Amino acid sequence: MMQDDAPGPGPEDDRSTDRAPAVPTAPAAPAAPTARRARATRADPGTGNPADAPAGIPADIPVDGAPASGIPALTEAEAREIATEAESVISEIATVVEGKREVAQTSLLVLLAGGHLLIEDIPGVGKTMLAKSLAAALGAKRHRIQFTPDLLPGDVTGASIFNQATSEFEFRPGAVFTQILLADEINRASPKTQSALLEAMEERQVSVDGTTYELEEPFMVVATANPVEMEGTYRLPEAQRDRFLAQTSMGYPVQSAETRMLAAQAGPVPVGDRDVLDAVRTRTTPERIAAHVRAVRRVHASEVILDYVVRLAAATRSHPQVTLGASPRAAVHLVRAAKAHAVLDGRTFVDPEDVRSVIMPVWRHRMHLTPQALSRGASAGELVDQVLRNTSQT
């Protein structure tokens, strides 16, 4: 799978075909986004009373289905609906990104958890194709920024431009004003430009010249990065790595998948299409995905699960081979990812296996090992696996 090498930052137009069902699409990035309004925060579902749980229902699930916060818990029907829709999106991505179904599932999990994805791998294995096919299957707006050493922060967030006709400064939105943002080769830009994404990733907003502009929902950054050993790359700052909910890699495809990829991407293009992405069918809408992201937060995580996550985080921080362990943000991301994993399995509650299934992509990129551990060939993945084995679930 070849990566798209279009140069320069800037928006990339969505493409549609007559095979794609008609879905409502948002207009292009606004010329003057409205300032952010205060919104009420919602608490995560609380815990029920295990002593009163009837037979057949896990003890950590509220009997009446309503968490302590008063927000209704996710129903089984809602969980099945989200899982079915997510499966259709994953299957559609798999028609373009051959042999990488697990990576496609990880990207959907991160999206439903309300996070951002970092894909670190060598050039040409399909990182860009994955992000583009995800946006196409969602029917979402997508922009692409090609990170280069001379890229400026204003190219990412936007800037105020003086209008001589009105003698006033006008805000021109940057590429970040979209729904799926592909930050291609993010570690080829300077740390100052990389940091321009921090507020957008964490707060879903951009502040320019004292004014705060709210981003659309859903909003997800899919960043691709080349290995730091390659020429012209910078190491991502620790604060920025910590803001990515998960990290994954593509790897080379298996032989049969690579053969199918060659046939699809090197073969004739149907009349009216520009490339293989034009054949991707829209499986949902951004509005539905935004609703699903909010619904996933209503998945029940008991105090036992939350205590398990806290003990796992504490174990990384006190590990003798670690200089920087899992942060509180990392613990929050792990719980959100575990909730998304439960929903993709059609369940309304988190069990310890959900935590164990997602901890590697969620925490592996956040671990910083001591020089002694690195000299012995230790890896962050081995450390996380060790913490899992040595931390009891109860």
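Quantities reported herein were computed from a predicted structural model and do not represent experimental measurements.
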*Heavy atoms, side chains only, cut-off 4.5 Å: are Glu85 and Arg283 in contact?*
no
*Rounded distance [0.5 Å steps], CG in Leu215 versus CE in Met201*: 12.0 Å
_So for atom CD, which belongs to Glu76, do other residues, nucleotides or ligands contribute more than 12 heavy atoms lying within a distance under 6.0 Å?_
no
*Are Leu130 and Leu182 connected, step by step, through hydrophobic side chains (Ile, Leu, Val, Met, Phe, Trp, Tyr) whose heavy atoms are closer than 4.5 Å?*
no
*Roughly how far, to the nearest 0.5 Å, is the CD atom of Glu216 from the CD atom of Gln179?*
5.0 Å
*Would you say the side chain of Ile145 lies within less than 4.5 Å of the side chain of Asp155, judging by non-hydrogen atoms?*
no
*So, the side chain of Arg347 versus the backbone of Val299: is there a donor-acceptor pair under 3.5 Å, distance only?*
no
*asked:* Distance check, rounded to the nearest 0.5 Å: Asp345 atom CG versus Ser357 atom OG?
replied: 9.0 Å
*Considering all heavy atoms of both residues, which atom of Ala373 and which atom of Gln321 are nearest to each other, and what is their separation?*
CB-OE1, 3.7 Å
_Measuring from atom NZ of Lys100 to atom OG1 of Thr106, what distance do you get when rounded to the nearest 0.5 angstrom?_
11.5 Å
*Look at atom CD of Glu353 and say whether more than 12 heavy atoms of other residues, nucleotides or ligands are closer to it than 6.0 Å.*
yes
*Check the pair Arg101, Ile90 against side chain to side chain contact (heavy atoms under 4.5 Å, CB included), reporting the backbone distance first and the verdict last.*
CA-CA 7 Å; Arg101 181 179 176 82; Ile90 293 170; 3.7 Å; yes
_With a 3.5 Å distance limit and no angle check, can you tell me whether Asp121 reaches the backbone of Ser249 through a side-chain donor-acceptor pair?_
no
*Please work out which of the three classes, parallel, tilted or perpendicular, describes the rings of Phe171 and Tyr213, given edges at 30° and 60°.*
parallel
_Test item: Thr282 side-chain N/O and Leu138 main-chain N/O as donor-acceptor pair under 3.5 Å_ = no
*Does some side-chain heavy atom of Pro149 sit less than 4.5 Å from a side-chain heavy atom of Ser190?*
no
*Does a side-chain heavy-atom distance below 4.5 Å link Ile186 with Gln194?*
yes
*May I ask whether Val387 and Val332 are part of the same hydrophobic cluster, defined by side-chain heavy atoms of I, L, V, M, F, W, Y residues being less than 4.5 angstrom apart, directly or through others?*
no
*Taking C-beta and beyond as the side chain, do Phe349 and Asp354 meet within less than 4.5 Å on heavy atoms?*
no
*Does the side chain of Ser207 come under 3.5 Å of the side chain of Thr212 through a donor N or O and an acceptor N or O?*
yes
_Arg144 side chain to Asp184 backbone, donor-acceptor under 3.5 Å_ = no
*asked:* Rounded to the nearest 0.5 Å, what separates atom CD1 in Ile82 from atom CD in Glu78?
replied: 6.5 Å
*asked:* Quick check: do Leu197 and Phe147 have side-chain heavy atoms less than 4.5 Å from each other?
replied: yes
_Treating Arg204 as the side-chain partner and Glu217 as the backbone partner, does any N or O pair qualify as donor plus acceptor under 3.5 Å?_
no
*Could Glu382 and Arg389 be called an ion pair, given the rule that one side-chain N must be under 4.0 Å from one carboxylate O?*
no
*Between Leu388 and Leu312, does a side chain to side chain contact (heavy atoms under 4.5 Å, CB included) hold up when you go through it step by step?*
CA-CA 7 Å; Leu388 271 178; Leu312 286 170; 4.1 Å; yes
*For the residue pair Glu199 and Gln205, confirm or rule out a side-chain donor-acceptor distance under 3.5 Å.*
yes
*Please name the pair of heavy atoms, one in Ala175 and one in Thr178, separated by the smallest distance, quoted to 0.1 Å.*
O-CG2, 3.5 Å
*asked:* To the closest 0.5 Å, what do you measure between CG (Leu109) and OG1 (Thr248)?
replied: 11.0 Å
_Apply side chain to side chain contact (heavy atoms under 4.5 Å, CB included) to residues His292 and Val343 and explain how you reach the verdict._
CA-CA 10 Å; His292 293 340; Val343 166; over 6 Å; no
_Would the distance check show the side chain of Ser133 and the main-chain N or O of Ile93 forming a donor-acceptor pair, the cut-off being under 3.5 Å?_
no
*Determine the minimum heavy-atom distance between Gln240 and Ser195, stating which atoms define it.*
OE1-N, 3.9 Å
*Hydrophobic cluster membership, Ile122 vs Met129, 4.5 Å side-chain cutoff*: yes
*asked:* Can you give me the closest heavy-atom contact between Glu170 and Thr166, atom names plus distance?
replied: OE2-OG1, 3.9 Å
*Does the side chain of Asn163 come within less than 4.5 Å of Phe169's, by heavy atoms?*
no
*Side-chain heavy atoms under 4.5 angstrom apart, residues restricted to Ile, Leu, Val, Met, Phe, Trp, Tyr: same cluster for Ile119 and Tyr252?*
yes
*asked:* Within the 4.5 Å heavy-atom criterion, are Glu120 and Lys127 side-chain neighbours or not?
replied: no
*For Val293, does its backbone N or O pair with a side-chain atom of Arg297 as donor and acceptor, under 3.5 Å?*
no
*Shortest non-hydrogen contact from Ala196 toward Thr157*: O-CG2, 3.5 Å
_Using only atom types and a distance under 3.5 Å, with no angle test, would you say the side chain of Glu92 pairs donor to acceptor with the backbone of Val280?_
no
_ILVMFWY network linking Leu152 to Val221, side-chain heavy atoms under 4.5 angstrom_ = no
*Stepwise, does the side chain to side chain contact (heavy atoms under 4.5 Å, CB included) test hold for Arg288 with Glu81?*
CA-CA 11 Å; Arg288 288 183 61 82; Glu81 179 184 0; 2.7 Å; yes
*Asn187 side chain to Asn226 main-chain N or O, any donor-acceptor pair under 3.5 Å?*
yes
_Looking at every non-hydrogen atom in both residues, tell me the closest pair between Arg366 and Phe244 and how far apart they are._
NH2-O, 3.0 Å
*Counting N and O atoms only, with roles assigned by atom type, does the side chain of His341 sit under 3.5 Å from a partner on the main chain of Val358, one being a donor and the other an acceptor?*
no
